[in-house]
Amino acid sequence: MPTAIEIFKHLPKKNCGECKNPTCLAFAMQLANNKAKLEDCPYVSDAGKAALSASSAPPIRLVKIGSNSRAFEVGDETELYRHEKKFFHPTRYCVEVDDSMSDADIESTIISYNKMKFERVGQIMSLDMIGVRYVSNDPARFAKAVSVASGSTEMPLLVFCHDPAAMKDAVKPIAARRPLVHGADSNNFAEMSAVAKELALPLVVYEDKGLNELADLVAKVKASGVEDIVLDFDPANLKDLLERSTLVRRLSVKRTFRGLGYPILVQAQGDDALQYGLIATMKYGSIVSFDKLKPEHALPLFVLRQNIFTDPQVPIQVKPDLYPVNNPDEKAPIMFTTNFSLTYFTVLADAEKSKIPVWLQVVDTEGLSVLTAYAAGKLTADGVNKALEKSGAKTKSKTGTIIVPGMVARMAAKLQETTGLKAIVGPKESSGLPKFLKGL
Ligand code: SF4
């Protein structure tokens, strides 16, 4: 890994600041610490790019899987802990079928997985991948099963087969969909790497003996010309999964050890599958492949993933607008809240519970909750009035009243003066809304 000074020698030394660093030296220091990307400077010469390619490569390679609108990327992480910056690419969940199943069973199983979706704080949470396993020992049957699976979903495929010839027959017709191929092991890596290279597919490198052996195998696969690699170290138990995943991430991002700088795939099978999935989501698993997954197990996994992979510095927001609740008309009052997603959905749910029609005005507070936004000067009478005028709320509700969240009762007088509406102080907690609205 070059030092900042070595990197600096290859930079243009214009000190123009376009890379969001005041000087080229400051940029070199960021690059040396994996805090910036070489592409952030538009003036690096081709010779400079070639010289710096190693130092500017992400500590964990970015691997793209799939080719359509459901394609995704894994890897390219730079942190051990989310609060240091953020995690960039969420864990992806795969559920498997195998070629011992009939075509009809494969199709109906995959269709049920296509439909497994949940909505939380305005985001749709769903599965990402379908896995197909070779268990029949019949290459023709396997190729048919992969074809049926491919025709049953838009999700990318993960194809498990350790016979290179059978793998090639199965994935060649669907190579344009860029499935992930599992995989290369110590016995078949030369032939399997040749298949992945010829069809330009990402390849899982599988080794259960230890990380040293895995790194050796990765080096051989890489030397054969395959760059898009995913690691599978087949942990013996949950403790092993936690320890090896942590070691791989630490070596990659803290020591810039590129021999293991690839996304991790975890196979979550059998009775402990959910526990494997939870640990892999928390600690550095890029893809988790389940033998099966019930909706009641998928939901907590999806929620955990959503919580871990949101940017801690950017609150989840909803669009500032006027939202009708319980079919309001002009006799319905206006209430308002902020565009922090969690606040909005909590208020919405409690207002809906009341069955009383209201107009809910969402005010742009840059994603802050009510009290925080008020304290930060982001929720003001003037801001609320501007939001009401933009959305036309005062023409949609003719009651001449506006309900103020109880937490910010102190803005009622100013709000009344600014909006010309009678301000009524609502409950401090949104859980009090049903009783409050019914009593209006
Ligand atoms: Fe230097 Fe390039 Fe940054 Fe400009 S954009 S300051 S030339 S590193």
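When a ligand or atom number is given, it counts from 1 through the structure's own listing order.
Of the heavy atoms in N15, only backbone atoms (N, CA, C, O) come closer than 4.0 Å to ligand 1.
Near K14, with a cut-off below 4.0 Å to any heavy atom, the atoms of ligand 1 are 7 (S). Near F27, the atoms of ligand 1 lying under 4.0 angstrom from a non-hydrogen atom of the residue are 8 (S).
Atom 3 (Fe) of ligand 1 has no N, O or S atom of C24 under 2.8 Å away, backbone or side chain. Within the coordination shell of atom 4 (Fe) of ligand 1, defined by N, O or S atoms under 2.8 Å, C41 is absent.
Of all protein heavy atoms, the one closest to atom 4 (Fe) of ligand 1 is C16 SG, 2.3 Å.
A side-chain N or O of S369 and one of T372 form a donor-acceptor pair less than 3.5 Å apart. T365 and N339 share a side-chain donor-acceptor pair at under 3.5 Å. In the model, E96 has a side-chain atom that pairs as donor or acceptor with a side-chain atom of Q269 under 3.5 Å. For the 3.5 Å distance criterion, the side chains of T281 and Y93 qualify, holding a donor opposite an acceptor.
Of the listed options A26, C19, G17, A28, C19 places a heavy atom closest to atom 5 (S) of ligand 1.
Ring-plane geometry between Y134 and F142 is classed as tilted, the angle between the planes lying from 30 to 60 degrees on a 0 to 90 degree scale. Ring pair H162/Y206 is perpendicular by interplanar angle, where above 60° counts as perpendicular and below 30° as parallel.
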